[in-house]
Number of protein chains: 2
Amino acid sequence: MDGRRSTRQRILDAATDLFGRRGVEAVSLDVIAAEVGVAKQTLLYWFPSKDDLVQTVLTEAAAELAVVIDAAVRAAPDSPLERIEAVVRAVFRPAVRRPALLGLVREVGRLAPAQAERLHGALAPLVDRAVAYLAAEMDAGRVRRGDPRLVAGLCYATVTGIATEPEALRSVGWQADVAGLRRLRSELLAFLRAALAPAVT
Amino acid sequence: MDGRRSTRQRILDAATDLFGRRGVEAVSLDVIAAEVGVAKQTLLYWFPSKDDLVQTVLTEAAAELAVVIDAAVRAAPDSPLERIEAVVRAVFRPAVRRPALLGLVREVGRLAPAQAERLHGALAPLVDRAVAYLAAEMDAGRVRRGDPRLVAGLCYATVTGIATEPEALRSVGWQADVAGLRRLRSELLAFLRAALAPAVT
DNA sequence: ACATCTCTCTACCATATGGTAGAGAGATGG
DNA sequence: CCATCTCTCTACCATATGGTAGAGAGATGT
């Protein structure tokens with residue numbers, strides 16, 4: 001509890017980063033301890049087991065993500081496209097874009113059902129709100145009609161697909177520098193705008 | 001080399017499935033051997049090392065995927081929307097949709113650069129062709145204008161995002177049964193059609 | 001000064017991992 | 001019948017893993 005970030009927090013940060021980049025099962029406690037610069041047993045003092053550490057990392061990441069997105073949506077005007085833009089811009093912010101946070105969603109699929117359940121619990125309110133909002137906007141004719149739940153899922157899949165498969169973009173010659181990120185963000189916005197725009201009748 | 005599928009092929013099948021579902025690092029040789037029903041050393045007879053097995057699994061999966069998609073594109077009429085539909089239908093075929101094949105793309109990000117390079121090599125011709133095709137269709141005004149490479153990347157991200165994050169869809173109440181898959185496929189088609197449709201001027 | 005509490009450490013352990021060495025079963029060919 | 005080749009096995013090994021036991025350092029309260 002000295003001037004530096006607390007040991008616990010440094011462990012969490014390192015674990016979040018490593019789990020997100022390499023995968024939960026691929027990262028050992030020794031590696032995390034070495035990264036933080038403490039003994040492995042210091043980890044086990046703060047977190048009773050690796051499972052517990054994983055659980056904490058995922059839960060806090062989900063909570064952080066929820067806060068960021070929620071704030072972005074609330075600050076945006078009540079227009080579907082504006083809101084999408086706000087969320088995309090929020091997700092592209094460096095603090096969120098760091099490999100860990102979005103990369104962790106890739107790990108969810110491998111968790112035991114009970115753990116995955118808890119994680120979804122953290123994001124469920126956001127999802128429900130997004131779906132209800134999409135449904136209302138579809139009714140109002142401001143968003144292309146469709147199954148609001150699946151449309152929300154597809155938007156999510158697109159964004160997380162980018163997060164978890166940046167190689168796909170690199171393989172088409174894209175580079176993850178500042179200019180590249182700006183171009184990707186604007187292309188993603190155009191993509192989602194078009195995908196959601198109401199059909200011309 | 002008896003009546004059953006050869007041991008080598010059974011090992012490859014099991015490894016593909018396990019790697020795709022649980023991740024390369026999370027699956028041990030013992031687990032694969034148990035799944036196939038042979039001794040671990042039989043694996044090491046057919047594949048000198050785990051690394052070699054991983055390499056083979058990924059390379060063959062990429063090749064299989066390339067063949068399936070290539071055939072679908074060639075069989076489809078020369079229209080952007082028809083081609084997209086053909087690819088989506090191909091990817092949704094059970095043989096491809098099995099957790100392993102598409103799930104493996106999730107592993108690529110964790111490979112050493114040299115390995116990832118080889119994999120992208122297997123898919124590069126497909127990607128290049130898709131990008132060139134998109135660019136031509138954009139020029140012809142049949143596809144919404146944009147950076148063809150990034151648009152291709154976004155389509156890919158959407159599809160792989162679905163493959164690697166089915167939880168996202170389940171968390172909005174979607175179920176992976178036959179009817180659910182049909183609905184998802186048609187929603188995905190509408191989504192991509194809209195995202196790619198030329199802007200109304 | 002003493003006791004207590006918080007935090008990090010060294011020393012160790014049982015198990016699982018990827019991998020090696022080499023034997024044995026069964027077919028094939030001279 | 002023997003030699004060879006293919007394939008799978010049992011028996012080991014060095015290392016790495018998650019986890020336990022317990023000691024010591026430093027602050028804090030009495």
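Chain A is the first sequence line, chain B the second, and so forth, proteins listed ahead of strands; every chain is numbered from 1.
- What separates CG of A:L43 from P of D:dA16 is a distance of 18 Å, to the nearest Å.
- Rounded to a whole Å, the CG atom of B:L29 is 6 Å from the P atom of C:dG19.
- Contact annotation: B:Y45 does not reach the phosphate of D:dT8 (side-chain N/O to OP1 or OP2, under 4.0 Å).
- One atom, CZ of B:R8, and another, P of D:dT6, lie 15 Å apart when rounded to the nearest Å.
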Worked check of side chain to side chain contact (heavy atoms under 4.5 Å, CB included) between B:C155 and B:L196: CA-CA 9 Å; B:C155 292; B:L196 294 178; 4.1 Å; yes

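- Between A:L44 atom CG and C:dC13 atom P the separation is 18 Å, expressed in whole Å.
- B:I32 has its CD1 atom 17 Å from the P atom of C:dA16, to the nearest Å.
- Note on A:T42: every side-chain N or O is 4.0 Å or more away from OP1 and OP2 of C:dC7.
- In this structure a side-chain-to-backbone donor-acceptor pair under 3.5 Å is present from B:E187 to A:D147.
- Residue B:E25 contributes atom CD, which lies 13 Å from atom C1' of D:dT17 at whole-angstrom precision.
- Note on A:T7: a side-chain N or O is less than 4.0 Å away from OP1 or OP2 of C:dT8.
- Look at CD1 on A:I11: it is 13 Å from C1' on C:dC9, rounded to the nearest Å.
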Distance-only criterion, 3.5 Å: show the donor-acceptor pairs between side-chain atoms of residues 32-46 of chain A and protein atoms not counting sequence neighbours.
| residue | atom | partner | partner atom | Å |
| --- | --- | --- | --- | --- |
| A:T42 | OG1 | A:A39 | O | 3.4 |

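- We find that CD of B:Q41 is positioned 13 Å from P of C:dT17, with the value rounded to whole Å.
- Taking for each of A:P48 and A:D30 the nucleotide of DNA chain D with the nearest heavy atom, the 5'-most of the two is the partner of A:D30.
- A donor-acceptor contact under 3.5 Å links the side chain of A:K40 to the base of D:dG19.
- With a cut-off of 3.5 Å on both Watson-Crick or G-U wobble distances, the partner of C:dT15 is given as D:dA16.
- Separation of atoms CD1 (B:I11) and OG1 (B:T16) is listed at 11.5 Å; rounding is to 0.5 Å.
- Between A:W46 and the phosphate of C:dT6, there is no side-chain N or O to OP1/OP2 separation shorter than 4.0 Å.
- Contact check, B:S28 against C:dT17: a side-chain N or O comes under 4.0 Å of OP1 or OP2.
- For C:dA23, the paired nucleotide is D:dT8, the pair qualifying as Watson-Crick or G-U wobble because both relevant distances are below 3.5 Å.
- A heavy-atom distance below 4.5 Å is not found between the side chains of A:L150 and B:F191.
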